[in-house]
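Reading through the structure tokens given below for one structure.
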Amino acid sequence: MILLKNENNNLPINSSSLGLIGELAAKPRIQGGGSSKVNPYNIVTPLEAFNKHQVEYAQGYYISNHEVNQKLQQEAVKVAKQNDQVILFLGYPESYETEGFDKNALALPDNQLTLLDAVTRENQNVTVVLQNGGTVLMPWAHKVKSIVESYLSGEAVGEAIKDLLTGKQNPAGKLTETVPKRLEDVPSYLTFNQSKAEEDYREGIYVGYRYYDTKHIKTQFPFGHGLSYTTFEYSNIKIAPQEKSLKINLDIKNTGKIFGEEVIQVYIGNRASDIDMPLKELRDFERIALDANESKIITFDIPYKALRWFNNNTRQWQIDDGEYVVYVGSSVEGIRLEQSITLDITNQTKSYWIHEDTYVYELVLRKNEIKQSLKQYQLDELIGKVTENPELAPLFENLPLRSLIMLDMDIATVHDFINAANEELKHK
């Protein structure tokens with residue numbers, strides 16, 4: 001679960017009277033629709049978890065009917081008027097997202113949007129809890145104090161939501177997707193569903209956050225975003241190139257008054273290569289638990305392999321010397337630390353060009369560089385067959401060295417060949 005918004009520390013709940021509104025509080029969506037469905041042993045609803053005798057509840061809408069029900073809405077508005085704080089449960093009906101079809105919108109049903117407007121006019125202390133499988137557009141986000149994304153949380157949904165809203169559990173979830181401000185901002189907006197015969201993905205490498213970040217398109221909530229009931233301070237970043245990796249050290253401190261967990265995210269921007277690249281890409285992350293006022297030193301080792309790009313002209317993975325920018329933060333937009341570094345790793349990494357994931361067909365292209373190793377481990381015969389028979393080439397284009405075990409080569413022998421080939425490359 002992800003705490004998306006928490007204006008003026010509206011959560012955890014701290015009020016003398018609490019209203020729960022929305023049919024999803026009493027009949028939650030706990031799983032996706034279609035063939036993945038299972039029959040849970042016991043569902044604890046949010047209404048049951050909060051104890052319906054200690055809160056005031058109104059259904060507000062029918063999840064299965066998208067038309068506004070005036071009677072249910074009026075009952076909900078009454079609850080909003082009579083309570084200090086309101087938890088409004090909204091989300092997609094199962095009919096909106098199940099297997100076998102594409103969505104045609106990313107908005108909540110009209111009856112829920114109308115209810116939200118009516119409730120927020122009467123109560124300024126509203127928290128929205130979302131239940132959904134996919135992204136929801138939130139043009140209404142400014143109208144509410146807090147937003148919790150609970151997704152489809154399983155049979156203990158009620159207990160989990162209550163623990164988070166009351167502060168028994170400090171939220172630490174992060175978005176693994178981007179929430180755009182508008183459907184028109186989505187990178188596939190111009191081309192999706194234009195053809196009934198096929199779907200062409202024309203975003204290339206600019207998928208998801210890479211597109212929004214590189215184009216500097218303002219999002220509702222960015223990739224990696226997620227709030228906590230405490231605060232964290234990032235400091236003292238140190239970057240040191242190693243033989244095989246980039247070592248990154250930094251300090252993180254829980255500057256709040258309660259225990260919390262933070263997901264530290266490391267992004268790297270390539271400024272060295274002469275091809276188009278995203279502004280930055282996620283390369284590592286780590287979830288850290290910290291008591292109040294506790295500090296820790298965190299270390300990341302980013303292998304140079306993670307900085308490679310595939311050169312289609314040479315049919316090889318390539319690493320370039322030059323400037324790289326290291327970003328560390330709480331989301332792709334919430335960067336706390338940033339530092340540039342110039343890498344000179346071409347000579348260092350040459351011996352690591354061949355590894356378990358190197359395709360067999362790459363050996364064909366480089367057979368003159370590793371001739372002795374190919375002969376020593378009798379792979380020259382395999383290379384010869386591939387060279388002599390072009391029909392075999394497609395088979396080996398996508399066969400990594402580790403898969404040679406399918407051809408009765410022991411994995412230890414594969415590793416010995418890799419080591420020998422890399423030693424041979426060192427002297428080229």
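Computation of the quantities below employed the complete heavy-atom set of this structure, encompassing side-chain atoms and omitting hydrogens, waters and symmetry-equivalent molecules.
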With a cut-off of 3.5 Å and sequence neighbours excluded, list every side-chain donor-acceptor pair involving residues 108-115.
| residue | atom | partner | partner atom | Å |
| --- | --- | --- | --- | --- |
| Asn111 | ND2 | Tyr62 | O | 3.2 |
| Asn111 | ND2 | Asn65 | O | 2.6 |
| Gln112 | OE1 | Gly91 | N | 2.9 |
| Gln112 | NE2 | Gly91 | O | 2.8 |
| Thr114 | OG1 | Asp110 | O | 2.9 |

**Prompt:** Considering residues, nucleotides and ligands other than Lys296, do more than 12 of their heavy atoms fall under 6.0 Å from its NZ?
**Reply:** yes

**Message:** Walk me through whether Glu338 and Lys280 qualify under salt bridge (Lys or Arg N to Asp or Glu O under 4.0 Å).
**Reply:** CA-CA 11 Å; Glu338 178 181 335; Lys280 55 180 174 287; over 6 Å; no

**Message:** Is it the case that the side chain of Glu281 and the backbone of Arg210 share a donor-acceptor pair, with hydrogens and angles ignored and the cut-off at 3.5 Å?
**Reply:** no

**Asked** Given side chains that start at C-beta, do those of Val325 and Arg271 come closer than 4.5 Å, heavy atoms only?
**Response** yes

**Request:** Just say parallel, tilted or perpendicular for the rings of Tyr209 and Phe223, cut-offs at 30° and 60°.
**Result:** parallel

**Message:** As a quick check of understanding, evaluate side-chain contact (heavy atoms from CB on, under 4.5 Å) for Glu7 and His142, giving each step before the final call.
**Reply:** CA-CA 10 Å; Glu7 184 179 329; His142 64 284; over 6 Å; no

**Request:** Please confirm whether the backbone N or O of Ser340 pairs with a side-chain atom of Glu323, one donor and one acceptor, at under 3.5 Å?
**Result:** no

**NZ (Lys103) with more than 12 external heavy atoms under 6.0 Å** = yes

**Prompt:** Under the side-chain contact (heavy atoms from CB on, under 4.5 Å) criterion, do Asp213 and Tyr267 qualify, and how do the steps go?
**Reply:** CA-CA 12 Å; Asp213 189 47; Tyr267 299 83; over 6 Å; no

**Side-chain donor-acceptor pair present, Ser273, Asp320, cut-off under 3.5 Å** = yes

**Asked** Should we count CZ of Phe259 as having more than 12 external heavy atoms under 6.0 Å?
**Response** yes

**Item:** Donor-acceptor under 3.5 Å (Glu97 side chain, Gly134 main chain)
**Value:** yes

**Request:** Let me see the working for Leu4 and Val148 under side-chain contact (heavy atoms from CB on, under 4.5 Å), right down to the final yes or no.
**Result:** CA-CA 6 Å; Leu4 295 176; Val148 173; over 6 Å; no

**Item:** For Ser245, side chain to side chain contact (heavy atoms under 4.5 Å, CB included) partners two or more places apart
**Value:** Gln242, Asp301

**Message:** Tell me whether Glu199 contacts the main-chain N or O of Ser195 through its side chain, where contact means a donor paired with an acceptor under 3.5 Å.
**Reply:** no

**Request:** Begin with the C-alpha distance, continue with both residues' side-chain angles, and end with the deciding distance and a verdict on side-chain contact (heavy atoms from CB on, under 4.5 Å) for Lys375 and Gln372.
**Result:** CA-CA 5 Å; Lys375 184 175 182 180; Gln372 295 178 8; 5.9 Å; no

**Request:** For the residue pair Ser35 and Glu99, confirm or rule out a side-chain donor-acceptor distance under 3.5 Å.
**Result:** yes

**Asked** Tell me, do Ile2 and Phe221 make a side-chain contact under 4.5 Å, heavy atoms counted?
**Response** no

**Message:** Rounded at 0.5 Å granularity, tell me how far CG in Leu88 sits from OG1 in Thr120.
**Reply:** 8.5 Å

**Prompt:** For Leu130, does its backbone N or O pair with a side-chain atom of Ser150 as donor and acceptor, under 3.5 Å?
**Reply:** yes

**Request:** Search all heavy atoms of Pro28 against all heavy atoms of Ile43 and return the closest pair with its distance.
**Result:** CG-CG2, 4.3 Å

**Request:** Flag the pair Ile87 / Val129 as yes when at least one side-chain heavy-atom distance between them is below 4.5 Å, and no otherwise.
**Result:** yes

**Prompt:** For the side chain of Glu381 and the backbone of Gln378, is there at least one donor-acceptor N/O pair under 3.5 Å apart?
**Reply:** no

**Fill in**
salt bridge (Lys or Arg N to Asp or Glu O under 4.0 Å) pairs touching residues 135-163, sequence neighbours excluded, are Asp117-Lys143

**Message:** Holding to side chain to side chain contact (heavy atoms under 4.5 Å, CB included), I want the full list of residues that pass it with Asp410, two or more places apart in sequence or in another chain.
**Reply:** Ala412, Thr413

**Item:** Under 3.5 Å: donor-acceptor pair, side chain of Lys174, backbone of Gly226
**Value:** yes

**Asked** What residue pairs, at least two apart or across chains, pass ring pair (Phe, Tyr, Trp, His ring centres under 6.0 Å) with a residue in residues 87-114?
**Response** His66-Tyr96, Tyr92-Tyr96

**Fill in**
In this structure, OG1 of Thr45 is separated from CZ of Phe50 (nearest 0.5 Å) by 10.5 Å

**Straight-line distance of Leu401 CG to Phe417 CZ, nearest 0.5 Å** = 6.0 Å

**Message:** Using side-chain heavy atoms (C-beta onward) and a distance below 4.5 Å, is Leu175 in contact with Ser331?
**Reply:** no

**Asked** Where the side chain of Thr98 meets the backbone of Glu94, is there a donor-acceptor pair that is under 3.5 Å apart?
**Response** no

**Message:** Less than 4.5 Å apart, side chain to side chain, heavy atoms only: is that true for Gln31 and Ser36?
**Reply:** no

**Message:** Using a 6.0 Å cut-off, check whether atom CG of Asn193 has over 12 heavy atoms from anything other than its own residue.
**Reply:** yes

**Prompt:** Taking atom types as modelled, is there a side-chain donor on Asn10 or Thr127 under 3.5 Å from an acceptor on the other?
**Reply:** yes

**Message:** Once side chain to side chain contact (heavy atoms under 4.5 Å, CB included) is applied, do any residues pair with Thr231, and if so which ones, sequence neighbours excluded?
**Reply:** Thr255

**Prompt:** Any donor-acceptor pair under 3.5 Å linking the side chain of Glu356 with the backbone of Arg402?
**Reply:** no

**Prompt:** Taking Asn170 for the side chain and Tyr229 for the main chain, is one N or O donor matched with an acceptor at less than 3.5 Å?
**Reply:** yes

**Nearest heavy-atom neighbours spanning Thr230 and Ile258** = OG1-O, 3.7 Å

**Request:** Measure the spacing between CG of Asn125 and CG of Asn14 and express it to the nearest 0.5 Å.
**Result:** 9.5 Å

**Asked** Asp321 and Ala272: which non-hydrogen atoms are nearest, and at how many Å?
**Response** O-CB, 3.4 Å

**Message:** Taking CD in Glu67 as the centre, count heavy atoms belonging to other residues, nucleotides or ligands within less than 6.0 Å. Is the count above 12?
**Reply:** no

**Item:** Nearest non-hydrogen partners of Glu424 and Ser373, listed with the distance
**Value:** OE1-OG, 2.6 Å

**Item:** Point-to-point distance, once rounded to the nearest 0.5 Å, from OH of Tyr189 to CZ of Arg182
**Value:** 8.5 Å

**Prompt:** Heavy atoms, side chains only, cut-off 4.5 Å: are Leu137 and Pro180 in contact?
**Reply:** yes

**Message:** Distance check, rounded to the nearest 0.5 Å: Phe300 atom CZ versus Ile302 atom CD1?
**Reply:** 7.0 Å

**Message:** Are more than 12 heavy atoms, taken from residues, nucleotides or ligands other than Phe192, located less than 6.0 Å from that residue's CZ atom?
**Reply:** yes

**Request:** Please indicate whether Lys27 has more than 12 foreign heavy atoms, meaning atoms of other residues, nucleotides or ligands, lying under 6.0 Å from its NZ.
**Result:** no

**Asked** So which heavy atom on Lys5 is nearest to which on Ala141, and how close?
**Response** NZ-O, 2.7 Å

**Item:** Any Asn270 side-chain heavy atom under 4.5 Å of Leu307 side chain
**Value:** no

**Message:** Is the shortest side-chain heavy-atom distance between Asp251 and Lys253 below 4.5 Å?
**Reply:** no

**Asked** Looking only at heavy atoms, what is the nearest atom pair of Leu24 and Leu90, with distance?
**Response** CD1-C, 3.4 Å

**Prompt:** Should we count CD of Glu294 as having more than 12 external heavy atoms under 6.0 Å?
**Reply:** yes

